[in-house]
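Here the structure comes first, spelled out in C-alpha cells, and everything after it is commentary.
Numbering of ligands and ligand atoms starts at 1, following listing order.
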Amino acid sequence: MPFALFSHPFASYCQKALIALYENETPFSHRLLDQADPATFAEFEKLWPLKRFPVLLDDGRAIAEATIIIEHLDLHHPGRARMIPADPKVALECASSTDFSITTCIRRCRRSSPTRYAHPRSAMRVAWPMRMRRWIPAYAWLEQRMTGRE
Ligand SMILES: N[C@@H](CCC(=O)N[C@@H](CS)C(=O)NCC(=O)O)C(=O)O
C-alpha cells in the first residue's frame with residue numbers, strides 16, 4: 001500500500017486529511033500516534049521535525065500539513081471526488097468553508113464535550129454554556145450555507 005497516514009483520531013487536522021482519503025476510498029495504512037507506541041513516534045519524528053500531525057507518507061515521501069496533504073492527493077492521485085474546485089474563486093470559498101468547519105466546529109465541539117467539563121471542580125463548567133452559545137449558531141450558519149450543496 002503506497003499511503004500511510006500518521007495521525008490521531010482526536011486531532012481535528014487529522015480528521016481534515018482523513019475526509020479526503022475516505023471520500024475517494026483511497027486505501028491507506030493508519031499509523032496511530034500513540035504514546036504507548038514509541039517506535040511509530042520515532043518514525044514520525046524523522047519524517048517531520050516539526051512533529052505536527054497529520055503526515056502522509058506517499059511511497060516514501062512525507063507530506064505534512066492537512067491542506068497540503070489534500071492538495072497533494074488531488075494533484076497526484078485524483079479520485080472520483082475532486083477536493084479543490086477548478087475555478088479559483090470557488091476554490092477560495094471552499095478553503096474558507098473548510099477552515100470554518102474543520103478547524104473551528106470539529107475542534108471546538110470536541111473540546112466542549114460535556115463529559116470533559118462535568119467535573120465539579122472544573123472551571124470549564126462555566127465555559128460550557130458560553131461555548132455552546134457560540135457554536136450552536138455556528139452550526140446553524142453552516143447548515144444554511146450548505147443547503148442545496150454537496
Ligand atoms: N498546520 C498544521 C497543524 C497541525 C496541528 O497543529 N496538529 C496538531 C494536532 S490536531 C498537533 O500536531 N499538535 C501537536 C503539537 O503541536 O505539538 C496542519 O494543518 O496540519
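In this structure the side chain of L57 never reaches within 4.5 angstrom of the side chain of W48, judged on heavy atoms. Looking at heavy atoms from C-beta onward, L56 lies out of side-chain contact with F28 at the 4.5 angstrom threshold. At a threshold of 4.5 Å between non-hydrogen side-chain atoms, the residues L75 and E71 do not count as touching. No side-chain heavy atom of D37 sits under 4.5 Å from any side-chain heavy atom of L32.
Residue contacts with ligand 1: Y13 is placed with no nitrogen or oxygen under 3.5 Å of a nitrogen or oxygen of the ligand (distance criterion only). Inclusion of E65 in the set of residues having an N or O under 3.5 Å from an N or O of ligand 1 is warranted. An N or O contact shorter than 3.5 Å links F53 to ligand 1 by distance.
Taking a cut-off of under 4.0 Å to the non-hydrogen atoms of P54, the atoms of ligand 1 that pass are 20 (O).
Neither side chain, H76 nor D58, offers a donor N or O lying under 3.5 Å from an acceptor on the other.
Remark: among candidates A66, A64, A11, A17, the nearest residue to atom 10 (S) of ligand 1 is A11, based on non-hydrogen atoms.
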